[in-house]
Participant: 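One structure, pasted below without further comment.
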Amino acid sequence: MSKITAPKIAPGEAPKTYRVKNFGCQMNVYDGERMGEMLDGQGLSAAPDGEDADLVVLNTCHIRERAAEKIYSDIGRMTKGKTQEKAPMIAVAGCVAQAEGEEIMKRAPSVSMVVGPQAYHRLPDMLEKAVKGGRAADTDMPAIAKFSELPARKRRSPTAFLTVQEGCDKFCTYCVVPYTRGAEISRPFGDLMKEARGLVETGAREITLLGQNVNAWSGPDEAGVHQGLDGLIRELAKIPELQRIRYMTSHPNDFTPGLIAAHADVDKLMPFLHLPVQAGADRVLKAMNRNHSAGGYLRLLEQMRAARPDIALSGDFIVGFPGETEAEFEETLQLVDEVRYAQAYSFKYSPRPGTPAATMDNQIPRDVMDDRLQRLQARINRDQRAFNDATVGKVCDVLIERKGKHEGQWLGKSPWLQSVWLDERSGGSAALGDMVQVEIVEAGPNSVQGVARAAAHA
Ligand code: 5AD
Ligand code: SF4
């Protein structure tokens, strides 16, 4: 069977519909939305659910295992059995695009565009070229250029992501991010305030500030005074209609007393902190180049809890880092026991090409990793359940984010980022974007059930 090559679209036959498929982290969700907005600006529209799109953007993630392989099989599935004219135009974006670059074009002749996470503002030009039958790869890293060239926000949703900081200079030995997302940059204060106001004008009531090291954000404010993330949060909190602020993901070494204090005195800053630690043994943390100890991490969490006693804690863990012994893994379990996370993510170590850990001695066998992951997840699930159970009987605000599957059913988030199910029949009424006062009446492993008391404020 001959391979499908990039579709040759005659002039006047530019793609009319698009679909962006996001993989990986929230930053990809943000980037995916912005790519969608650019395509809207070029006269395309999002393909309705369940319908084929003329242009598919695969917004990829490279952080763990076989991401690239999955993309190639996805591409195969989209073009299989289709003639060149019927196959969608395909763009590969995101971190796999950055890591593999033009190699993708060679391996997958049906791909028309390859665009890295720092270059996607050039997507419209690339699309124009692709429509004429050309193919283009752009994996430049022109730092800040991207954001200033993107069109204004026009999404409508009660919750929104806002990328404030990108890239990473930490070089943890297992991680590809410093290579795929580049050096740490902070977006300018004024630009962020403008984008946040725009998001609020189109209906956002909660904004989550995003960055690979979001708490490393810094820059001069509009009066020229140097600010850290807490300064930005305090200014955002002054936007009247904005009711909730969150941020992720943080690094333990970038916390400042000011940011800890913000958790005590900025009401709109939600009581939730995602703070990865990765491992509980100091030797492993050193080999990971984390530059902090387990004890230092725990002391930081104590300070956080002192500032905001009800803060819900979340983290990331890697099991089976090269050389991790059983005793060292057990230190991770002990750390989990000590913290009692409200939720946490855990992953098997995945060697990433080009990172220092990939060539370290003593790579851990798969069955040992499987066993450790299972044991760690059992503890995390236990604590998550206990956290949810402990919220039963509490009354809190829930921001309604979407409809449930059943008539009259709504899904929202508690201040502690729990998913809360509400049923209109159980009292009160709700609508998308409402902040509803809710009593939590029942807990499950991954969500809680609430009863609406009254619409607190719309
Ligand atoms: N293998 C497994 N997990 C990883 N992460 C990052 N790199 C790797 C890797 N090579 C995890 C870390 C990080 C999260 C986003 O992904 O826990 O915090
Ligand atoms: Fe990766 Fe470490 Fe940077 Fe996080 S801090 S993005 S884990 S290198």
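FYI, side chains are in, hydrogens and waters are out, and symmetry mates aren't considered; it's all heavy atoms of this structure. In each ligand, atom 1 is the first atom listed, and ligand 1 is the first ligand listed. The residues of the chain are indexed from 1 along the displayed sequence.
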Participant: Can Arg19 and Asp52 be counted as an ion pair, charged N to O under 4.0 angstrom?
Facilitator: no
Participant: Which of the numbered atoms in ligand 1 are below 4.0 angstrom from a heavy atom of Tyr349?
Facilitator: 1 (N), 2 (C)
Participant: Are Tyr247 and His263 near enough that their ring centres are under 6.0 Å apart?
Facilitator: yes
Participant: Among all the protein's non-hydrogen atoms, which is closest to atom 3 (Fe) of ligand 2, and how far away is it?
Facilitator: Cys168 SG, 2.2 Å
Participant: Could you tell me, atom by atom, which parts of ligand 1 come under 4.0 Å of a heavy atom of Gln278?
Facilitator: 12 (C), 13 (C), 17 (O), 18 (O)
Participant: Below a 4.0 angstrom heavy-atom separation, can you tell me which part of Ile63, side chain or backbone, both or neither, approaches ligand 1?
Facilitator: both
Participant: Please compare Asp316, Leu275, Thr355 and report which has the shortest non-hydrogen distance to atom 14 (C) of ligand 1.
Facilitator: Asp316
Participant: Is the Phe321 ring parallel, tilted or perpendicular to the Tyr349 ring (thresholds 30°, 60°)?
Facilitator: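 It falls in the perpendicular class, over 60°.
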Participant: Considering all protein heavy atoms, does one lie under 4.0 Å from atom 8 (S) of ligand 2?
Facilitator: yes
Participant: Tell me whether Cys172 has at least one N, O or S atom under 2.8 Å from atom 3 (Fe) of ligand 2.
Facilitator: no
Participant: Determine the sole option in Tyr297, Tyr174, Tyr341, Tyr345 for which the ring-ring contact (aromatic ring centres under 6.0 Å, His included) test with Phe317 is passed.
Facilitator: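 Among the candidates, only Tyr341 passes.
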Participant: Using atom types as modelled and distance alone, determine if a side-chain donor or acceptor of Glu184 lies under 3.5 Å from a backbone N or O of Gln165.
Facilitator: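 A pair under 3.5 Å: no.
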Participant: For atom 5 (N) of ligand 1, find the nearest protein heavy atom and state the residue, atom name and distance (0.1 Å precision).
Facilitator: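 For atom 5 (N) of ligand 1, the nearest protein heavy atom comes out as Arg64 NH1, 3.7 Å.
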Participant: So which heavy atom in the protein is nearest atom 4 (C) of ligand 1, and how far is it from that ligand atom?
Facilitator: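 Nearest protein contact, heavy atoms only, for atom 4 (C) of ligand 1 is Ile318 CD1, 3.6 Å.
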Participant: Is atom CD of Glu102 surrounded by more than 12 heavy atoms (other residues, nucleotides or ligands) closer than 6.0 Å?
Facilitator: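 Not buried by this count: 12 neighbours or fewer within 6.0 Å.
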Participant: Just wondering, more than 12 heavy atoms not from Gln374 lying within 6.0 Å of its CD?
Facilitator: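 At most 12 heavy atoms, drawn from other residues, nucleotides or ligands, come within 6.0 Å of this atom.
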Participant: Only heavy atoms of Arg352, strictly under 4.0 Å: list the atoms of ligand 1 that pass.
Facilitator: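 This gives 10 (N) as the contact atoms.
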Participant: Could you label the plane-to-plane angle of the Phe189 and Trp217 rings as parallel, tilted or perpendicular, counting under 30° as parallel and over 60° as perpendicular?
Facilitator: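 Ring orientation of Phe189 relative to Trp217: tilted.
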Participant: Counting from 1, what ligand 2 atoms have a heavy atom of Cys175 closer than 4.0 Å?
Facilitator: 1 (Fe), 6 (S), 7 (S), 8 (S)
Participant: Hey, looking at atom 1 (N) of ligand 1, which of Cys61, Ser350, Ser346 has the closest heavy atom?
Facilitator: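 Among Cys61, Ser350, Ser346, the closest heavy atom to atom 1 (N) of ligand 1 belongs to Ser350.
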Participant: What do we get for Pro178 next to ligand 2 when only non-hydrogen atoms under 4.0 Å count, side chain, backbone, both or neither?
Facilitator: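 Side chain only.
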Participant: Any idea which atoms of ligand 2 are less than 4.0 Å away from a heavy-atom of His251?
Facilitator: 5 (S)
Participant: Given that the side chain starts at C-beta and the backbone is N, CA, C, O, which of these parts of Tyr174 lies under 4.0 Å from ligand 1, counting heavy atoms, or is it both or neither?
Facilitator: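 Both the backbone and the side chain of Tyr174 come within reach of ligand 1.
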Participant: Among Arg372, Lys348, Arg283, which residue satisfies the salt bridge (Lys or Arg N to Asp or Glu O under 4.0 Å) criterion with Glu324?
Facilitator: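 Result: among Arg372, Lys348, Arg283, Arg372 is the only option passing the salt bridge (Lys or Arg N to Asp or Glu O under 4.0 Å) with Glu324.
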Participant: I'd like to check which ligand 1 atoms, numbered from 1 as shown, lie under 4.0 Å from a non-hydrogen atom of Lys348.
Facilitator: 1 (N), 2 (C)
Participant: For the CG atom on Asp367, are there more than 12 heavy atoms of other groups (residues, nucleotides or ligands in this structure) within a distance under 6.0 Å?
Facilitator: yes
